[in-house]
Amino acid sequence: MPRRRYERIYDVVRRIPRGRVATYGMVAMVAGYPRAARFAGLALHHCDDPTVPCHRVVNASGGLAPHFVSQRARLQHEGVTFAGRNVSLARQLWTPRLPSERVAASSRRQAAGRG
DNA sequence: CTATTGACGGAGA
DNA sequence: TTCTCCGCCAATA
């Protein structure tokens, strides 16, 4: 039975779709810990829950985790492309849908309607 | 209880 | 451009 310690982090990581990646800082921020990228790293380091796609989390430069041997293979298996050692972040960085974005989209719709 | 340790990231020198 | 400093917070000694 996996531990339930870094649940807020793991919840966010579980939302990253196949073929996309997210950064530690991003995951931490969405999980409610802005500026705590290290915390996300710590959580994934301690992650023993197979339902958490921890291979989809990379650092801000697209670099992979130092001891996570199968990470690259798993990402490539999902269609993630690389630029040298790093993930091509600009291409496949996950863009989470935040509650505020839904509001903004709704507003834009109304604005468009009003012309 | 305190100090230290990280799969990090941005700002300043 | 490369390097250093500090914030963040759970786990561990």
Side-chain angles (χ1 to χ4, degrees):
Chain A
M1 198 54 176
R3 301 178 174 177
R4 301 215 203 312
R5 304 196 184 188
Y6 304 93
E7 271 245 67
R8 304 192 31 91
I9 296 290
Y10 298 152
D11 271 350
V12 173
V13 176
R14 275 190 276 255
R15 290 168 47 191
I16 307 172
R18 274 178 70 94
R20 299 282 180 79
V21 297
T23 67
Y24 295 101
M26 201 178 281
V27 169
M29 177 172 279
V30 175
Y33 304 105
R35 302 289 174 216
R38 305 184 54 156
F39 183 49
L42 192 60
L44 294 177
H45 170 67
H46 285 284
C47 180
D48 52 357
D49 184 341
T51 71
V52 176
C54 48
H55 60 285
R56 295 180 190 150
V57 184
V58 300
N59 70 30
S61 307
L64 306 184
H67 303 300
F68 193 165
V69 182
S70 62
Q71 186 173 21
R72 184 180 179 119
R74 288 197 195 193
L75 288 173
Q76 290 184 319
H77 182 72
E78 297 184 350
V80 173
T81 61
F82 284 71
R85 299 163 143 352
N86 298 347
V87 169
S88 307
L89 277 187
R91 289 189 163 290
Q92 35 230 347
L93 189 60
W94 175 50
T95 54
R97 183 169 289 292
L98 270 29
S100 57
E101 290 184 51
R102 299 183 66 81
V103 173
S106 167
S107 301
R108 281 197 296 278
R109 226 178 290 289
Q110 292 191 354
R114 278 190 266 106

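Protein chains get the first letters and strands the later ones, always in sequence-line order, with residue 1 at the start of each.
Comparing B/dG10, C/dC9, B/dA7 by their closest approach to the side chain of A/A60 singles out B/dG10.
For the C1' atom pair drawn from B/dG10 and C/dA10, the interatomic distance equals 22 Å after rounding to whole Å.
When rounded to the nearest whole Å, the span between OH of A/Y6 and P of B/dA7 equals 11 Å. Rounded to whole angstrom, the span from the NE2 atom of A/H46 across to the P atom of C/dA10 amounts to 12 Å. A/H45 places its NE2 atom 14 Å from the P atom of B/dT5, with the value rounded to the nearest Å. Remark: P of B/dA7 and CG of A/D48 are 16 Å apart, rounded to the nearest angstrom. Distance A/R74 CZ to B/dA7 P: 18 Å, rounded to the nearest Å. Summarising the geometry, the separation between CZ on A/F39 and C1' on B/dT5 is reported as 14 Å, rounded to the nearest angstrom. Across the protein-nucleic acid pair, A/R35 atom CZ and C/dA10 atom P stand 18 Å apart, rounded to whole Å. Rounded to whole Å, the distance from CG on A/L44 to P on B/dT5 is 21 Å.
Under the 4.5 Å side-chain criterion, counting only non-hydrogen atoms from C-beta, A/V12 is not in contact with A/Y33. Inter-residue side-chain proximity for A/W94 and A/R56 is flagged as unmet; no heavy-atom pair is nearer than 4.5 Å.
Taking a 6.0 Å sphere around CZ of A/R91, one finds it holds 12 or fewer heavy atoms contributed by other residues, nucleotides or ligands.
Ion pairing between A/R8 and A/D11 fails under the 4.0 Å rule for side-chain N and carboxylate O.
At a threshold of 4.0 angstrom between heavy atoms, the contacts of A/Y33 are confined to the sugar-phosphate backbone, with no base atom among them. Within 4.0 Å of A/S61, counting heavy atoms only, lies no atom of the nucleic acid at all.
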